[in-house]
Amino acid sequence: MKGIKFDFTNMFYPNIEKGIKYEEINEYKDKIEKIVSEILEEEPGFLKLPKNTKYLDKILDIQEWVQSFESFVVLGIGGSALGNIALQTTLNPLNYNYRNDRKTPKIFIVDNVDPDFVASVLDQIDPHTTLFNVISKSGTTAEAMSNYLIARGILESYGLDPKKHIVFTTDPENGILRKIAQEEGIETLEIPPEVGGRFSVLTPVGLLSALAGGIDIIDLLNGAKTMLEKVSNKNIYENPAALNALLHFLYYKKGYNISVMMPYSNKLLLLADWYRQLWAESLGKKYDINGEVVNVGQTPVKALGATDQHSQVQLYNEGPDDKIITFIKLEKFERDIKIPKIHEEYSALSYLGGKTLSELLNTELFGTEYALTEHGKPNMKVIFPEINAFNVGQFFFAYEFQTAIMGKLLEIDAYDQPGVELGKKVTYALMGREGYEEFSKEVKQKVEKKEKFIL
Ligand SMILES: O=P(O)(O)OC[C@H]1O[C@H](O)[C@H](O)[C@@H](O)[C@@H]1O
């Protein structure tokens, strides 16, 4: 069958000595059935996306305009950037201005306020031929807003009409971007109110820059749609998202607090960055749904094969039993390189001659998998037959669904992120935002009173 596959072989006992036993899975069979039914019934926002053509139509309507620019610059952060970055690095890695005989803009994603970084992007674009896509669900995030103000300032300094160079992606009603759009007639795409940032890659948040970069967004959504069918299966043994969630949950209960995602493909690497936000913000929670303090969560970590074999794998093999490793394997690379048969006289080199790099890389993956298993460390694999929009759409959707299930298993709200508020509030206060005067004083006093220890 077409699409990605999940290989759980090395998660189970006796392949892994301390591995999960089938009896443990069986105990949760009914619970998983109930959870999957509940999610399908509750239909959290992201669930509706693969079938919703409303947003797709709107984006396709402006395709020609969007692709008439030379540069397309996303200004957003967190859920308003990580999916975009993953899509571009995975499916538009060369980011050419000319691709498949069709002119598509070069995509830049500015997801920080590091002045050196922002300036380096601005150095590369010509405002006359640039479209800025300001993405913010809330329409208040300081990083996205300051970069918007900078972009707008530049446009105005060139005497360019912001309406012709800016498109907003934001909530249909709330936030300052929506207000500006209404007052000034700036083209604006909607983020469905019920879809949170980290679940929004398949909304206009991710789709517009994807389309701009020449990615087949219809295939992307088709992939998500087929995965929705697959993960709607209530039988734990036939539902990869459910089985993956349950395995992560059962290991978590045994002290496996870390989930490493390790693609053996540079193009697929940043799927792991997208996953980090999804898993961390959705599941890292102080309170459960009943308001009890639980302090749960599993720390997502990103690694790259084979690079990190020479940096992290020592720890993964011999360190504490606290990690689950998910490899991402690519079966068919877009290109391959044959290693020349030079130095046949040295056996330390001659074994490589005549092989391909993809053969070497996937053999290394096999070696790492084998070693981890021998060391008794649980590991699994997501297999991409090849990199295409369909498979990437499947991946996004499977992990979103898995996160929803894990949230229910942990009995927490997987869709909020109250833990990020305090830091934001402090920034607002210290940057002088109206209404934060008292809080600013409070913060300064608290910091002053601290016994300092600076070396
Ligand atoms: O899209 P925005 O409203 O600008 O939010 C961007 C990001 O900001 C916050 O800090 C949240 O923790 C993220 O979940 C969110 O994706």
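Order of appearance sets the numbers: ligands from 1, and atoms from 1 within every ligand.
Protein heavy atom in closest approach to atom 11 (C) of ligand 1: Glu281 OE2, 3.6 Å. For atom 16 (O) of ligand 1, the closest non-hydrogen atom on the protein side is Gly79 N, 2.8 Å. Closest protein heavy atom to atom 5 (O) of ligand 1: Thr141 OG1, 3.5 Å. Of the protein's non-hydrogen atoms, Ile77 O, 3.8 Å is the one closest to atom 7 (C) of ligand 1. Counting only heavy atoms of the protein, atom 9 (C) of ligand 1 lies nearest to Lys424 NZ, 3.4 Å.
Near Ser138, meaning under 4.0 Å from one of its heavy atoms, ligand 1 places the atoms 2 (P), 3 (O), 4 (O). With ligand atoms numbered from 1 in the order given, ligand 1 contributes 13 (C), 14 (O), 16 (O) to contacts under 4.0 Å with heavy atoms of Gln277. With ligand atoms numbered from 1 in the order given, ligand 1 contributes 1 (O), 2 (P), 3 (O), 4 (O) to contacts under 4.0 Å with heavy atoms of Ser136.
Within the cation-pi definition used here (under 6.0 Å to the ring centroid, within 45° of the axis), Lys425 qualifies as a partner of Phe439. Geometrically, Lys2 engages Phe390 in a cation-pi contact, judged by NZ or CZ lying under 6.0 Å from the ring centre and within 45° of the ring axis.
Taking the six-membered ring where the residue is Trp, Phe69 and His165 present perpendicular rings, their angle passing 60° and hence far from 30°. Ring pair Phe395/Tyr399 is tilted by interplanar angle, where 30° to 60° counts as tilted.
Between Lys267 and Glu334, the closest side-chain pair of non-hydrogen atoms falls below 4.5 Å.
Contact annotation: for Lys137 versus ligand 1, heavy atoms closer than 4.0 Å belong to both the backbone and the side chain. Contacts of Ala144 with ligand 1, taken as heavy-atom pairs under 4.0 Å, are absent altogether.
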Check the pair Trp274 / Phe396 against ring pair (Phe, Tyr, Trp, His ring centres under 6.0 Å), numbers first and verdict last. CA-CA 9 Å; Trp274 171 83; Phe396 283 137; 4.7 Å; yes

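In Glu42, the CD atom is crowded: over 12 heavy atoms of neighbouring residues, nucleotides or ligands sit closer than 6.0 Å.
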